[in-house]
Amino acid sequence: MKKTDLIKQLKLLHQIDPSDRVMGEIGKKIELKIKDVRLEIPKKENNMPETLINSLKTNKSWVFVLAFTVIIIIFAGSGPFSDLSKSIVLSTRIAIAPNQYEKTRIAIEYVKKQQYDSSQIEKFSNTLAMADTQLSQLKLMGEKGKYTTKQCKTEYLEFYNYLENTKKYISTVTVEKEDEKAVTQLKSQMNQYQNRADSKLKLY
Amino acid sequence: MSTERKELFEKCYRQHSKNIFRFIYFKVNDTELAKDFTADTFIKCWKLLDKGEKIKNSRAILYKIAHGIVIDHYRKKKIRKTVPIDSVDEFDLVSNEDLEAKLSVKQQSEELLGVLKSLKKEYQDILLMYYIDELSVGEISKILDKKENAIRVLIHRAIKALKEKYEKNRLN
């Protein structure tokens with residue numbers, strides 16, 4: 001028998017609920033010792049249709065989330081809601097990713113698509129911070145059954161290279177006087193992330 | 001005790017009492033004992049609340065108490081061998097399927113439970129908590145006082161052991 005089938009059968013045991021009579025007796029035992037409480041017989045666990053519960057418990061739950069997200073994008077895909085909808089989509093994708101490697105991959109992929117824009121330094125900085133946060137939660141030696149050491153190394157390398165290329169690009173862009181402080185802070189932030197990525201890469 | 005704490009206790013009971021009973025029952029195979037132990041679990045929880053203890057994760061605390069009660073019971077009785085499982089007649093089945101399917105689930109359950117009970121206690125606990133009661137690795141590590149990595153290893157070994165015994169059982 002396959003391990004997945006055995007696990008499914010094991011999980012079926014969760015459907016076994018004690019009868020109301022048994023729960024009633026337990027409640028009475030407790031009420032005898034604790035005078036202040038009144039314990040109702042707990043209701044049956046599945047108040048929702050079983051198919052809905054099962055579908056939420058499987059990996060296909062992302063279909064519902066993505067469908068909802070697509071609807072939001074259609075209605076709010078332009079104008080001032082555009083950035084918000086992109087942010088929601090990204091956050092949702094990261095939230096429902098099955099493991100830390102997938103979360104990191106999504107974050108790094110997103111970052112790589114971002115072109116430095118001197119009019120949106122803060123937004124760019126936040127994007128880098130988000131990617132660094134996801135990366136820092138990766139286990140260097142991988143997680144069995146989820147992701148490998150090699151995959152971790154690839155993500156660190158991607159981020160490191162992106163930071164390197166972006167820093168080079170920024171140094172070619174003319175900085176307005178009012179942006180000088182923000183650009184300096186951004187470069188410092190990028191150096192910090194790059195050093196962190198470099199130190200992790202040296203461990204491999 | 002404050003009304004807030006009383007409501008918290010009643011909420012804990014509503015949410016977790018069935019699971020705690022099922023967990024204890026699968027370990028002790030005796031309905032009356034399981035009822036007593038379930039009641040004891042919640043009474044101990046009440047005492048913690050009465051003392052003013054802050055409970056962050058009520059589910060984990062209840063399982064930890066229940067687990068402790070069962071261990072104490074085994075120590076007192078010095079039970080070493082596994083006990084033949086009672087029928088699951090005390091249980092309803094919450095599935096929405098028809099009666100035939102329910103009976104099929106019941107038969108499969110009894111067979112699988114029988115094999116589960118033949119594993120070592122550590123494996124039984126892990127499988128009950130992780131797959132049947134769906135506790136997280138973090139919660140289980142707090143209940144069993146082990147590191148999360150150790151719990152993951154145990155889960156892997158326990159399901160492997162169950163698979164081997166189940167297949168062997170089917171061949172015989």
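Below, chains carry the letters A, B, ... as their sequence lines are ordered, and counting in each starts from 1. Here the structure is a predicted model, which means the values were calculated and not measured.
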| field | Donor-acceptor pair between A:Y162 and A:E158 side chains, under 3.5 angstrom | value | no
| task | Check each atom of A:I34 against the heavy atoms of chain B and say whether the ones under 4.5 Å are side chain, backbone, both or neither. | result | side chain
| query | In chain order, what residues pass the ring-ring contact (aromatic ring centres under 6.0 Å, His included) check against A:F124, with sequence neighbours excluded? | reply | A:Y116
| remark: Okay, B:L162 and chain A: the region with an atom under 4.5 Å from a heavy atom over there is both
| query | Given a strict heavy-atom distance threshold of 4.5 Å, which part of B:H156 is in contact with chain A: side chain, backbone, both, or neither? | reply | side chain
| task | Only counting residues at least two apart or in another chain, list the ones meeting side-chain hydrogen bond (donor to acceptor under 3.5 Å, both in side chains) with A:E31. | result | none
| message | If only side-chain N and O atoms count, and only distance matters, is there a donor-acceptor pair under 3.5 Å linking B:K27 with B:Q124? | response | no
| Is it the backbone or the side chain of A:K3 that comes under 4.5 Å from a heavy atom of chain B, or both, or neither? | both
